[in-house]
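Sequential numbering from 1 along the given sequence is applied to the chain's residues. Numbering of ligands and ligand atoms starts at 1, following listing order.
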Amino acid sequence: MIDSGNSRREFLRRSLGLGAALGLGGFADLADLAAEPASGPKPEAVRLGELAFQAEPEAPAHAKIYSGLDARLYTDLSSLAPDRLLTPVEEFFIRTARPDRLDASRPWRIGIGGLVERPLQVSLTDLEQLVVPMGTHLVECAGNSRWFRFGLMSTARWSGVRLARLLERAAPLPRARAVRVAGFDDHSQPSSNSGAGCSWIFTFEQLESAGAFLATGMNGRPLTPDHGYPVRLVMPGWYGCCCIKWVDRIELVDGRQPATSQMREFALRTHQGEVLERAADYRPATIDRCALPIRVEKWRLGDRIRYRVVGIDWGGDRSAGRLRIRFRPNDPYRRVETQPAAASATGWALWFHTWSPLAPGKYLIQLEVDDPSVPTARLDAGFYARGIEVVEPGGANET
Ligand SMILES: Nc1nc2c(c(=O)[nH]1)N[C@H]1C(S)=C(S)[C@@H](COP(=O)(O)O)O[C@H]1N2
Ligand SMILES: [Mo]
């Protein structure tokens, strides 16, 4: 058994019926973990605070900073809880603000052209008649990193129109193989580190299997200007660079298109290996299965200190493989104690793991998926590993 060193905890968990309950209640369940012997009064659980993640900025901007292409707002992931999983719209991360040259007084139209029988100009009124709920989906910027405390990632409950429905109306010609979706991107100020012009080319199969849609609403409200009002593309499961904002042109193309400047700019961050010339050579910019610790809570249980790691699980296929955790690079991985049910996986899901370090010192929290057939390149590269320093270790008899 892989978790042999953890058999006592395994036993406790089974005998006390913890599991999913730990995620929801917290206090009482933590007290259960410390019960030794299993009978007798339970010690009171007191939450003392949180450990800081090492080598990360203390306070990234949870309010909008800079402007235009360089604008940013980072979502604070540390406060996610079972009843607080959806990102409020005003906290949804921003990467590039509404272009200042976008004229909101002009009626918005999306031109659908290229290799079609019937070129169309779709008005917002046309679009609104087709809008339906699209469910909860996560957006993560391919450039997300510890320098922003991983805050270039958020979830929303979207509404919109399946892209395929609109394409049908324009009657694609048999030669059409792919679709270029382009957004308005005319900023008066150039950016120091982002190119202007935002478009991406998708094959029909990619749009279909992702369930691509043009979003007009998030969390029950119209999109905000910075999130693409009046309309943006959402590619569920793909990186944010594909989720074109302020969509105004959709063009059906053949299979020989050069990659767009946006595809080239994001080639490395979407794991293409190199900047590829032809759009058809790009692999889908999908998000592999990932896991990230979002906070480490410190608790006192009777006379002992306990830590609880809370994290999120997103991307890829979450029906296969379970998360495993370790706290030092040479330690064996162990099963994460409380994992989300695979079926509930939309957006991101929370996991929990109680931990009793024996010694003070620096630790590195790393996760893996126990099924090697699940692609996890970013996770395995240490991208989402986070360091902490423990000053007060846990009690004896625990590993
Ligand atoms: N027109 C346009 N759309 C765009 C971008 C852009 O610069 N221009 N940035 C993309 C990138 S890199 C990301 S991560 C997402 C961010 O969406 P958000 O700001 O709504 O979170 O928008 C994408 N759509
Ligand atoms: Mo991005």
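For ligand 1, the polar-atom distance check against F92 finds no nitrogen or oxygen pair separated by under 3.5 Å. Taking any N or O of H227, backbone or side chain, at least one lies under 3.5 Å from an N or O belonging to ligand 1. On a distance-only criterion, E140 and ligand 1 share no N/O pair closer than 3.5 Å.
Listed by atom number, the atoms of ligand 1 under 4.0 Å from I94 heavy atoms are 19 (O). Every atom of ligand 1 is numbered from 1 in the order shown, and the set under 4.0 Å from a heavy atom of W246 is 1 (N), 2 (C), 8 (N). Interface of D185 with ligand 1, defined as ligand atoms under 4.0 Å from a residue heavy atom, comprises 1 (N), 2 (C), 6 (C), 8 (N). Near R232, meaning under 4.0 Å from one of its heavy atoms, ligand 1 places the atoms 15 (C), 16 (C), 17 (O), 18 (P), 20 (O), 22 (O). Which parts of ligand 1 touch T96 is read off a 4.0 Å heavy-atom cut-off, strictly below it: atoms 7 (O). Of all atoms in ligand 1, listed by their number and element, those nearer than 4.0 Å to a heavy atom of F184 are 1 (N).
Residue-ligand proximity: V139 is placed with every non-hydrogen atom at 4.0 Å or more from ligand 1.
Residues Y307 and W299 keep their aromatic ring centres 6.0 Å or farther apart.
Taking only non-hydrogen atoms, the option from F93, F266, W200 nearest to atom 16 (C) of ligand 1 is F93. In this comparison of G228, A215, C141, C243, the heavy atom closest to atom 14 (S) of ligand 1 sits on C141.
For the pair R98 and Y229, the cation-pi criterion (under 6.0 Å, within 45° of the ring axis) is not fulfilled.
Salt bridge R335/D370: present, at least one basic N to carboxylate O contact under 4.0 Å. Checked for salt-bridge contact, E208 and R162 miss the test: no charged N lies under 4.0 Å from a carboxylate O. Ion pair K298/E392 flagged as a salt bridge, since at least one NZ, NE, NH1 or NH2 atom sits closer than 4.0 Å to an Asp/Glu carboxylate oxygen.
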(message) For Y239 and F266: C-alpha separation, side-chain torsions, deciding distance, then whether ring pair (Phe, Tyr, Trp, His ring centres under 6.0 Å) applies.
(response) CA-CA 10 Å; Y239 280 111; F266 284 90; 9.2 Å; no
(request) Verify side chain to side chain donor-acceptor pair (under 3.5 Å) between Q272 and T270, making sure each step is shown before the conclusion. (result) CA-CA 6 Å; Q272 307 296 334; T270 59; 3.1 Å; yes
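With values rounded to the nearest 0.5 angstrom, F93 atom CZ is found 15.0 Å from D76 atom CG.
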